[in-house]
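Atoms within a ligand are numbered from 1 in the order they appear, just like the ligands themselves.
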Amino acid sequence: MAATTTASTITITTTSPSITFTAPNHHFLTNLRPFHHPNLHRHLRLRHTTCSYKVSIEHDGVTTNLEVDPDETILDKALETGMSVPHDCKLGVCMTCPAKLLTGDVDQTEGMLSDDVIERGYSLLCVSYPKSDCQIKIIPEEELLSLQLATADD
Ligand code: FES
């Protein structure tokens, strides 16, 4: 483990597991002497092991299980692992990557779905970042489009 400090940040880098943690160099952090804390390794390891979520995706009758980090979209992870998932813009605009969230929670604040549609459990996978373990079913684009248009009239 190595630690470097600047006037404004503290950076801690470990090699196994490989983690780089940068935090503001606030007065309280320096007073805690984090580099000498006996539980720092355990704390970093716990943060590392809880940083991805189990995401189960059902598509065309096949269920695929993924490990998705909270800072990557479910679509990007699915494509990276070789899944064939409908998509186009990857910006949360075209609605060609619709899914129904059966369990779990995602952050999709970058997308354009209405709050009503999101509350009914729908999501756009290209802007969905997991906030918990999730079960997701990819649905036909028409299902989401009709619902989005119906709620737009409300
Ligand atoms: S790919 Fe266009 S909205 Fe997701």
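For D133 and K54, the salt-bridge test fails: no basic side-chain N is under 4.0 Å from an acidic carboxylate O.
When the shell of 6.0 Å around NZ of K137 is examined, it contains 12 or fewer heavy atoms from other residues, nucleotides or ligands.
By the salt bridge (Lys or Arg N to Asp or Glu O under 4.0 Å) test, E72 pairs with K77, sequence neighbours left out.
Looking at E143 and Y122, their side chains do bring a donor and an acceptor atom within 3.5 Å of each other. In the model, D107 has a side-chain atom that pairs as donor or acceptor with a side-chain atom of T109 under 3.5 Å. There is a side-chain donor-acceptor pair under 3.5 Å between S52 and E67.
If you look at atom 4 (Fe) of ligand 1, the protein N, O or S atoms less than 2.8 Å from it are C97 SG, C126 SG.
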